[in-house]
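Beneath this line is the structure, given in structure tokens, with notes to follow.
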Amino acid sequence: MYRSFVRNSQMLAVKRLLKVPGCKQSLNPLCLSVHTSDFSTCQVDSVAKIKASDPLTDSYGRYHDYLRISLTERCNLRCEYCMPSDGVPLTPKDKLLTSDEILYLAKLFVRQGVTKIRLTGGEPTVRKDIINIIARLKELDGLKTIAMTTNGLTLTRQLVGLQKAGLNLLNISLDTLQSARYEKVTRRKGWERVIAGIDLAIQLGFNPVKVNCVVMRGFNDDEICDFARFTLDRNVDVRFIEYMPFSGNGWHDNRMVSFKEMLSILTKEFPGFEALKNEPNDTSKAYKVPGSKGKLGFITSMSNNFCSTCNRIRLTADGNIKVCLFGNAEISLRDAVRNNSSEDDIMTMVGLALQRKKKQHAGMLNLPQMQNRPMILIGGKIDCTKNNRVSRTANKNINSFLPNTSFLNFIPINHSMNRFYETRSISYTHGNRNMNIDSKHNDKLTHVDAAGKANMVNVGKKIVSSRSATACGKVLVGPKVSALIKSNSMKKGDVLTVARIAGIQGAKKTPDLIPLCHNIFLSGIKLDATLEDGTDTIIITATVESEGKTGVEMEALTAVTIAALTVYDMCKAVTHNIVIRDIKLMEKTGGVRGDFKRNSED
Ligand SMILES: Nc1nc2c(ncn2[C@@H]2O[C@H](COP(=O)(O)OP(=O)(O)OP(=O)(O)O)[C@@H](O)[C@H]2O)c(=O)[nH]1
Ligand SMILES: C[S@@+](CC[C@H](N)C(=O)[O-])C[C@H]1O[C@@H](n2cnc3c(N)ncnc32)[C@H](O)[C@@H]1O
Ligand code: SF4
Ligand code: SF4
């Protein structure tokens, strides 16, 4: 209750800050649309009582003492995996944070408890005032670490000055030990300069010097052992990064090399290859080749996330707070600063954003399907319609019936991803119920207890297995609607696309809709909605997958149902003569009761 009071109060503060409604200087419209429903419950009197007491702790108790500041969206390289080949649209200069604004915001964060700031980008070293920024950051009481992640191209020229100004931690990106390959992946020359930059960093006493290497099959996976040898006589910490998908970066599951695979290559080549102790907030899992001066590490964002200990918050180059690398919701602090908002109000906004931070990214297993902006623009502006397969009209429609969801993240899923993911522990235990549900031959009603009351089955003791279920259904729409769908000219928008997304969302909401269903961590949802030629019928098929202890047929059936209802909703202005029928389970695999497959004529 206290939390909801605080949240409502925070909402009000933001609302006041944003001058909603009738605000001329609006903040990030995405944030406004996300929070609209909450605003309606606010009480005006509470505003004065807001105290941003602990804005850096999120609702999972994670304390955020590490701020990553993107200094620029620009870069002097064009790495294939980071930047789309046709470049990225840059934010106009007047919308980017000035150095004074960066310093002001940094000061507020440090006052609240941030002890580490990492400068990143884009390429931070292309920012002309970087030395000045670092020198001024160094003056902030309480800031212990000023770190930078760089492509290393200009370090031989700039590093001494940067260190003198106060830089004390350095990560340098280098994906290959071969000059020609470097040119291919970065689309620029400069490998020798980066190597010289790494050596200079070691000489200047940076410790550790971390080297970031994104591993991509068919590009540098044959260099994993070479990179390990690179640590033999150099005090560097080479970190192999699992290739992550961002819009337009050419990611494909078969190009991603998982932590497990890399580990097995290294263990074979280097007997005694050993794991080291990690610090609580490390992104990487540390290892060492026996006798080497340096270390190796693995950043396993894809196969084994480290969200439970996340202590990071990001400030983008255009002044937005981004609470998660893979989240789309942002709040603009730039406008708040430019509107002379108070420190309390600004930190209230930060607290508000952090309250909405997810435990782990909701779609962590679905990252490949997310439309996240290019990595280089993680420090830049969201254009949530660009590159999306969903049209603007469709977005509007989805938004109207799916409040509080970042709907753009859900598009059909590529099942082959599953093989990369480690099975996660999923807790299905509810209360102390001790149901005997494991037996194949158990003919008791498992959803009813001994007293005949509704009961959610305890699946805690069931084994985890790969589950999948496919359901299908039909919507008979008639010739008029059929023609409008075919020409994609239905007034409400693109019917099939919206239905598809609604169905996927429906699968994820199943436990909210069906009382005795478990929360299941879904690893894949594929939903097709197609107009059958000649019958004026939309055929909907949904396949849902999970690594878990209980089946996913309810999710598949819900997905089909919600997609069908969405078709109805989008077309009912044209006719009410729409019939939904034949929703049924087609196939189910996994679990102790064995597989099920419907005969096609059933
Ligand atoms: N999932 C996730 N991955 C991150 C995050 N920050 C960085 N990474 C990953 O870590 C890689 C290296 O990032 P760096 O900028 O060197 O930062 P870092 O490793 O977090 O830095 P330190 O832990 O401070 O050394 C990135 O390419 C990402 O793959 C984050 O917040 N979430
Ligand atoms: C976006 S860059 C910004 C800082 C600087 N320009 C650099 O390259 O180090 C930060 C880190 O993100 C990594 N990165 C970029 N795209 C990535 C992807 N698709 N998957 C994994 N890491 C990625 C880069 O290798 C780099 O280490
Ligand atoms: S990874 Fe860094 S150096 Fe490469 S394009 Fe992205 S921002 Fe530039
Ligand atoms: S994905 Fe989000 S929550 Fe997870 S570690 Fe990265 S920033 Fe933190």
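Sequential numbering from 1 along the given sequence is applied to the chain's residues. Just so it is clear, the model here is predicted, and its values are computed rather than measured. Atoms within a ligand are numbered from 1 in the order they appear, just like the ligands themselves.
Close approach to L77 involves these atoms of ligand 3, each under 4.0 Å from a residue heavy atom: 3 (S), 5 (S). Interface atoms of ligand 3 facing C75, defined by a heavy-atom separation under 4.0 Å, are 3 (S), 5 (S), 7 (S), 8 (Fe). Which parts of ligand 4 touch F306 is read off a 4.0 Å heavy-atom cut-off, strictly below it: atoms 5 (S). In summary, the atoms of ligand 4 found under 4.0 Å from a heavy atom of F326, numbered by their order in the structure, are 1 (S). For ligand 4, the atoms closer than 4.0 angstrom to any heavy atom of K357 are 3 (S), 8 (Fe). When each atom of ligand 3 is checked for a heavy atom of G122 under 4.0 Å away, the hits are 7 (S).
Every heavy atom of S70 sits 4.0 Å or more from the atoms of ligand 2. For K358, the heavy-atom gap to ligand 4 stays at 4.0 angstrom or more. Heavy-atom distances between N305 and ligand 4 stay at or above 4.0 Å for every pair. At a 4.0 Å cut-off, not a single heavy atom of C75 sits close enough to ligand 2 to count as contact.
Between the CG atom in N320 and the OG atom in S332 there is a gap of 5.0 Å [rounded to 0.5 Å].
At distances below 3.5 Å, not a single donor-acceptor pair connects side-chain atoms of Q163 with backbone N or O atoms of V160.
Between P245 and ligand 2, a contact under 3.5 Å exists for no N or O pair. At under 3.5 Å, not a single nitrogen or oxygen of T120, backbone or side chain, sits near a nitrogen or oxygen of ligand 2. Considering backbone and side-chain N/O of Y81, one or more are found under 3.5 Å from N/O of ligand 2.
Tested against E123, the residues T150, T154, N76 include a single side-chain hydrogen bond (donor to acceptor under 3.5 Å, both in side chains) partner, T150. Each of D222, D221, D175 was checked for a salt bridge (Lys or Arg N to Asp or Glu O under 4.0 Å) with R181, and the lone residue meeting it is D222.
Considering only heavy atoms from C-beta on, L174 comes within 4.5 Å of Y182 through its side chain. Residues L354 and H64 meet the side-chain proximity criterion, which asks for heavy atoms closer than 4.5 Å. Side-chain contact check for T145 versus I117: every heavy-atom pair is 4.5 Å or farther apart.
Considering only non-hydrogen atoms, atom 4 (Fe) of ligand 4 lies nearest to C307 out of C307, C310, S308. The residue from L325, N281, V323 that puts a heavy atom closest to atom 6 (Fe) of ligand 4 is L325.
Among the backbone and side-chain atoms of C82, an N/O/S atom is found under 2.8 Å from atom 6 (Fe) of ligand 3. Atom 8 (Fe) of ligand 3 lies at 2.8 Å or more from every N, O or S atom belonging to C79.
Judged by the 6.0 Å distance and 45° axis criteria, K357 is not positioned over the aromatic ring of Y60. Judged by the 6.0 Å and 45° rule, K285 forms no cation-pi pair with F298.
A perpendicular orientation is assigned to the rings of F227 and F230, their planes being inclined by more than 60° (bins at 30° and 60°).
Neither the backbone nor the side chain of I172 comes within contact range of ligand 2; no heavy atom lies under 4.0 Å. At a heavy-atom distance under 4.0 Å, atoms from both the backbone and the side chain of T149 approach ligand 2.
For K116, the NZ atom counts as densely surrounded, since its 6.0 Å shell holds more than 12 non-hydrogen atoms of other residues, nucleotides or ligands.
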